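Quick notes on the structure that follows.
Since the structure is predicted, the reported quantities are computational estimates derived from the model, not experimental observations. Values reported hereafter were calculated over all heavy atoms of this structure, with side chains retained and with hydrogens, waters and symmetry mates removed. Whatever order the structure lists ligands and atoms in, that order sets their numbers, starting from 1.
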Amino acid sequence: MTSGDKLFGRLLGRSSVAPPDIIYPAQPATGLQLQLDNQGRVLHIGGTLRQQLAQHLTRDPTPLLRDLLCTHSALVVEGIPTDWQRHSLDLDFHGAAGQILHTRGAIEPHNDGWLLWALDIGDLLSGRQTSQDREQNHQLISQMSEQLRVCSLTRLPEVFNEHLRSLAQRWHIPCVALALLDQQDQGWLIYSQYTAHDAPTLWQTGQRLGTSLDSVNGNTSLSLNVGQGRSEHPRLHSVFGNADGFLVPYRDGQGVAAWLLCGFYTGQQQTSERDWLNLTAALAAPLLGRLREQRHHQQLERLEALQGLLGTGWWELRPTRADIQLAPQLMRSLSLEDGPTRLSLATWLNLIHPADRQELNSRLQDLQALGKPLLTSVRLQRTDAAGLPIWYRVQGQVLGVGENRRWIGFMLDISDIKNQQLQAAAAHARLDNLIASSPAVIYVQRYVNGALLPAFYSDSLLPLLGWTLAEATHDSLVDWVHPEDRDLYFERTRQLLREGSVRSRYRVRDKQGDYHWLLDESKLLRDDLGLPVEAVGLWLDVTESTQAAQQVKDSEERYRILVEDSPAMICRYRPDLTLTFGNTPLANYMECQPEQLPGMNLSHWLSEDQRQLFVQRIHQLTPEFPVSTAEISLQLPGREHAWWVWSDRGVFDEHGQLQEIQAVGRDNTEVRRSQQQLTQSAKMATLGEMATGLAHEINQPLNVMRMAVVNVLKRLGNGDVQVDYLTEKLQRIDAQVQRAARIVDHMRVFGRRSEVEQQPFDPAQAVEGTLALLTEGMRGKGVELRITAQDHAVQVNGYVDQLEQVLINLIVNARDALLSKRENDRAFQPWISVHTEHDNHHVRIWVEDNGGGIDPRLLERIFEPFFTTKPIGVGTGLGLSVSYGIVENMGGRLSVANGEHGAKFCIELPAVEG
Ligand code: ADP
């Protein structure tokens, strides 16, 4: 042991051994030498330290040693010097400048008294203090570090805050904060801060500091007094305001990751830069580590949630054994919930559908042996609830090299996509099939320098035109277009480019040389700048429909010609009788051009009565019974009268409302005229036939008048003429003249042509007229006329003279039958009954005789014209036929049956309603 070592050991107070061999230094010795008496009184002070003592020796009173010492040191020298021998004495003297003079020394007998000498150990002690402080700091720091490392993540901010507070308190820093690099926007963020209660708050937790701290060079400025660095670091100035302070960086692998900010801190504490760096590192390193851990944890949680949501998860092949580890989420989505997360490769492969299993296995081997990345889609053995396959995408890769190689990957449930893909593919295939088998060709023409070049044709091109895609070039297409339609085709392209879409129709030649009518609909697609890119279009084979349309057009033309050239009048008119169309014959009758017909009104040519009848008839048309036929009479320009047989057909809308009437008419005037003539001549024949009866009819009043005249003349000859007698005779003659005149009058009326139009009249009028003509004649022939009373209650429409003519015919026919019967039977009593009855709708006039009736074999034929059973020159065979026509023309019916006594005819006529 060297003497120096011994000294150092003693100074450190590590030795309590006997006083070392002291080598007394020559005067003046270093340190202090005090001579003491046996009582401990200080007799003399010497040595170099003597000047530093507060108290100098005074003779009276002589101070005790302990009076020179600080109170705590005085205890060391209790008692008397003899007690203090063989001890190392640490004595603190009051210094002259008020300081304490730390010394260490020993006492020895000297002459009669004692000699105490002591050396200054102040430096030694302060060094010890520093190292103690450092030790304490170190302990505190590592404690903090440790606590930050072990506390729960939730308590981390709280724990950190506590540490920041104790740090501030220990080093007397008014404001302290830790700023961390913000992950998101790369600026600095105050993670935590502490401010003493009497200091202004410089920072808030969570406050953003921007990037100002980046400009502080962490490498050179371990600590930086901001007051001095202001000019160099203007941004720091703004961070700290006008406060003093400094920053301590913490650097990790990536650079400065944290700053400890100390504000209002002047740094009186004797703490080295290294200590500050250590302190900051001790706080920041575990904190950053924990925060990283937290982030990692959150990321893991997110990842797990994501895997769960996506039905995905990682897998890892074990390098040595043939088994595989799966993420728990994957286990669950594979329905392996209860098993361990590690399973044999075979078990895993068994989950895969046999159709995909082998391929997957082989790819796994490629991955392991060759490092070939794995990417495939597989089905599971099981299906989902709906029986659809469950698809997974399996992807894998090699991580690391050599010994550290790992094979990891993931499985992702792609059933939705895959099934949709399959459905879409199926739909696509169906669509393709549909397009291929449809008469439509879809094409794409690319726009190149103003021209449209064929780029694509759907497969239906071949079945439609027989051309293959290769044959369909730009030039050949023009070649296929029918020469007559080429101009159309070029115009179609120009219009397409100009207007963006086009629809045209032209003929295209197929491989056999036949032409097809194609409907071409095309649309131009443009890019963002509005420049043409391509035309997408479709060809539809419309040959059949075009031909059909042509046929319809042709048949329409034929129909038009038919209508135009028809001898019949054809027209269409609205319910208000305004014509919308009329053909040439109609126009001819109306003495105008067919074009002039639309707008004319039919009522223009009808009398008011005819018009009413016409409108009434039209309004009776219904969708169920849309057709009505009638004979109408018109007053045409420049003609006497026209009779048209007119058929109407109503056209109705969906509500059953009459929209229009189509009509066909035939001029019946000639027929009607001849019919009228026939009726007239039949009437004349009747008259002729009645001549005998009429002669009798007129003879009767003539006879009466002659008798009266003879009698008057006789009286005049006798000169016996009385006025009364004469007056009576003349009145009788007058009555007979009137009677004859009536008969003649009626004859005249009857002989006239019928009115042109039908009029309502009382049928009883016709019966009376008939009887006026026939009664006398019948009586002359011995035929009884039985007439039932007439009631004049109803009217019928028609011609009174014609009905009279019918009645005359029936009665005359009955008379003929009766007279021929009486020829064989002189006792036969012939009679004819005329009986009228009516209800609301009809009037029936029965004419019956007791002539024995008509042979049933002839019943059906008697209404035929010229049918007669009478000898030639007697019968005309026209009576019943004309009568039938007259009754029918009046809307009625003439019928016959054999009654009990003879033939029974019935005239049934519609009553005029209202
Ligand atoms: P005509 O009287 O000139 O023969 P009609 O047409 O009037 O022509 O009559 C046709 C035929 O019908 C008659 O020839 C007759 O045979 C028969 N006939 C008509 N009325 C009667 C009747 N009341 N009884 C029997 N036969 C009749």
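Under a 4.0 Å criterion applied to the non-hydrogen atoms of Ala903, ligand 1 contributes the atoms 22 (C), 23 (N), 24 (N). Close approach to Asn813 involves these atoms of ligand 1, each under 4.0 Å from a residue heavy atom: 2 (O), 5 (P), 7 (O), 9 (O), 19 (C), 20 (N). Taking every non-hydrogen atom of Thr868 and a distance limit under 4.0 Å, the qualifying atoms of ligand 1 come out as 1 (P), 3 (O), 4 (O), 14 (O). The atoms of ligand 1 that sit less than 4.0 Å from any heavy atom of Phe867 are 6 (O), 8 (O), 10 (C). Of all the atoms in ligand 1, the ones that sit under 4.0 Å from a non-hydrogen atom of Gly853 are 25 (C).
In this structure, Arg560 pairs ionically with Glu557, as a charged nitrogen and a carboxylate oxygen lie closer than 4.0 Å. The pair Arg786-Glu848 does not meet the salt-bridge criterion, since no charged nitrogen lies less than 4.0 angstrom from a carboxylate oxygen. Between Glu908 and Arg844 there is a salt bridge, since a side-chain N of the basic residue sits under 4.0 Å from a carboxylate O of the acidic one.
The closest protein non-hydrogen atom to atom 15 (C) of ligand 1 is Thr869 OG1, 3.3 Å. When hydrogens are left out, the protein atom nearest atom 17 (C) of ligand 1 is Ile862 CG2, 4.2 Å; that is the closest non-hydrogen contact. Among all protein heavy atoms, the one lying closest to atom 2 (O) of ligand 1 is Lys870 NZ, 2.6 Å. With hydrogens left out, the protein atom closest to atom 6 (O) of ligand 1 is Leu880 N, 3.0 Å, a heavy atom.
In this structure, Ala814 is part of the shell of residues with a heavy atom less than 4.0 angstrom from ligand 1. Contact between Gly877 and ligand 1 is present, with at least one heavy atom of the residue lying under 4.0 Å from the ligand.
Annotation: cation-pi geometry not satisfied between Arg611 and Phe614 (NZ/CZ under 6.0 angstrom from ring centroid, within 45° of ring axis).
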inquiry  = Working note: Ser607 + Asp609, criterion side chain to side chain donor-acceptor pair (under 3.5 Å); need CA distance, chi angles, decisive distance, verdict.
reply    = CA-CA 5 Å; Ser607 69; Asp609 289 347; 5.5 Å; no

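Remark: among candidates Leu818, Ile854, Asp849, the nearest residue to atom 18 (N) of ligand 1 is Ile854, based on non-hydrogen atoms.
Proximity of Val812 to ligand 1, defined as any heavy-atom pair under 4.0 Å, is not found for any part of the residue.
Aromatic rings of Tyr589 and Trp605 (six-membered ring for Trp) have centroids beyond the 6.0 Å cut-off, not under it.
Residues Val563 and Asn583 come closest through the heavy atom pair O-ND2, 2.8 Å.
Atom CD1 of Ile862 is separated from atom CG of Leu894 by 8.0 Å, given to the nearest 0.5 angstrom.
Below 30°, between 30° and 60°, or above 60°: for Trp831 and His901 the angle between ring planes is above 60°, a perpendicular geometry.
By the 3.5 Å distance cut-off applied to N or O atoms, Ala817 is not counted among the residues near ligand 1.
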